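Down below is the structure, laid out as structure tokens.
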Amino acid sequence: MSAPIEVLVVDDQPLFREGLRMLLERHDDLVVAGEASNGREALERVRAAPPDVVLMDVQMPGLDGVEATRTLREEHPDVRVIILTTFDDDEYVFEGLRAGASGYLLKDVSSDDLARAVRTAAAGESFLQPSVAAKVVGEFARLSSDGSRRIVANAQLAEPLTDRELEILVHLAADRSNREIAGRVFLSEGTVKNHVTRILAKLGAGDRAEAGTRARDLGLV
């Protein structure tokens with residue numbers, strides 16, 4: 001008989017963590033190896049004893065679930081993360097998946113589906129609730145269409161933007177600071193500043209606000 005799948009439960013509500021423990025341990029092949037009340041504590045526990053799967057809430061004090069997931073996946077790529085939250089907002093869904101989560105479930109998920117998601121993630125596959133999967137499919141369709149337009153628009157510039165510059169331009173147009181962008185694209189703040197300078201020059205923009213406006217007008221973001 002194979003060893004049970006070890007799960008770390010991360011949520012800032014003690015009663016919810018207790019409920020999850022009870023639901024998971026109804027299944028002989030699942031065991032709750034530990035609990036954490038926020039993202040920072042979760043990282044500490046994973047560093048001390050990596051589980052197979054982490055059930056991660058999104059909104060928690062200190063370090064939220066998305067940032068914790070991103071760091072966890074960088075440090076422990078073999079540990080799978082499932083976002084388990086009350087939020088099905090598009091931004092939470094896509095930020096969680098971009099951070100490296102293997103699944104995204106709402107807290108009204110059934111016990112059987114929760115267990116199935118944990119087993120699926122432990123096997124190295126992804127699991128999404130139907131409502132979340134529909135959002136992802138729709139986003140891929142939109143990105144496919146937008147991506148084609150972006151390629152054409154970029155090619156029309158006198159000096160096209162590089163892939164990295166296009167990535168940073170999206171954040172710049174969202175009015176994020178160099179520090180915020182650096183944290184999202186895993187570059188130093190100084191490197192981001194250099195990229196922004198080149199982006200402004202290529203777009204013929206005098207400042208960040210003008211660059212964002214020009215990028216939207218051209219269809220680059």
Side-chain angles (χ1 to χ4, degrees), residues 38-40 43 56-75 81 83 85-104 106 126 128 131-221:
N38 57 59
R40 203 169 304 282
L43 291 175
M56 183 82 75
D57 189 20
V58 170
Q59 286 198 339
M60 296 179 292
L63 185 67
D64 67 31
V66 171
E67 290 304 319
T69 296
R70 183 174 289 112
T71 301
L72 190 157
R73 292 287 293 149
E74 289 173 1
E75 295 182 358
V81 179
I83 301 291
T85 180
T86 56
F87 302 97
D88 66 347
D89 182 86
D90 288 4
E91 181 178 355
Y92 286 117
V93 172
F94 300 128
E95 284 294 321
L97 295 178
R98 278 193 288 265
S102 298
Y104 195 107
L106 301 182
S126 299
L128 298 174
S131 61
V132 175
K135 291 178 182 289
V136 174
V137 171
E139 179 70 358
F140 273 123
R142 183 188 70 79
L143 287 175
S144 177
S145 175
D146 289 351
S148 298
R149 290 196 295 270
R150 189 176 298 116
I151 291 172
V152 172
N154 190 38
Q156 292 175 341
L157 293 176
E159 186 179 357
L161 299 168
T162 65
D163 289 343
R164 176 65 87 176
E165 288 166 351
L166 284 169
E167 180 184 14
I168 291 174
L169 178 60
V170 171
H171 297 293
L172 188 155
D175 201 28
R176 296 190 174 104
S177 68
N178 287 348
R179 177 173 296 181
E180 290 174 316
I181 296 172
R184 289 172 179 263
V185 301
F186 308 111
L187 294 174
S188 71
E189 191 173 344
T191 300
V192 169
K193 182 179 179 181
N194 292 335
H195 279 302
V196 170
T197 299
R198 288 193 291 271
I199 290 169
L200 265 60
K202 290 182 179 182
L203 293 180
D207 55 31
R208 299 167 73 96
E210 185 181 351
T213 299
R214 182 157 173 73
R216 284 186 287 270
D217 290 343
L218 292 172
L220 291 170
V221 298

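What you are looking at is a predicted structure, and each value in this text was computed from that prediction instead of being measured. When reading the values below, keep in mind they use all heavy atoms of this one structure, side chains included, and skip hydrogens, waters and symmetry mates.
- Within 6.0 Å of CZ on R179 lie no more than 12 heavy atoms contributed by other residues, nucleotides or ligands.
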- Under the side chain to side chain contact (heavy atoms under 4.5 Å, CB included) rule, what do H195 and I181 come out as? Steps first, then yes or no, please. CA-CA 11 Å; H195 279 302; I181 296 172; over 6 Å; no
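- Looking at heavy atoms from C-beta onward, L43 lies in side-chain contact with L72 at the 4.5 angstrom threshold.
- Across A215 and L203, no two heavy atoms sit closer than the pair CB-CD1, 4.5 Å.
- Of the charged side-chain nitrogens involved, none lies within less than 4.0 Å of a carboxylate oxygen, so that E167 and R184 do not count as a salt-bridged pair.
- Residues L200 and L172 form a side-chain contact, since some pair of their non-hydrogen atoms from C-beta on lies under 4.5 Å apart.
- Listed here is the closest heavy atom pair of R164 and V185: NH1-O, 3.4 Å.
- Atom CD of E165 sits about 9.0 Å away from atom CG of L169, to the nearest 0.5 Å.
- The minimum heavy-atom distance between A173 and V221, with the atom names listed, is CB-CG2, 4.0 Å.
- With sequence neighbours excluded, the residues that form a side-chain contact (heavy atoms from CB on, under 4.5 Å) with S102 are R80, A121.
- Annotation: side-chain contact (heavy atoms from CB on, under 4.5 Å) contacts of D207 (sequence neighbours excluded): A209, E210.
- With a 4.5 Å cut-off on side-chain heavy atoms, L161 and L166 count as touching.
- Using a cutoff of 4.0 Å between basic side-chain nitrogens and carboxylate oxygens, E67 and R40 are not scored as salt-bridged.
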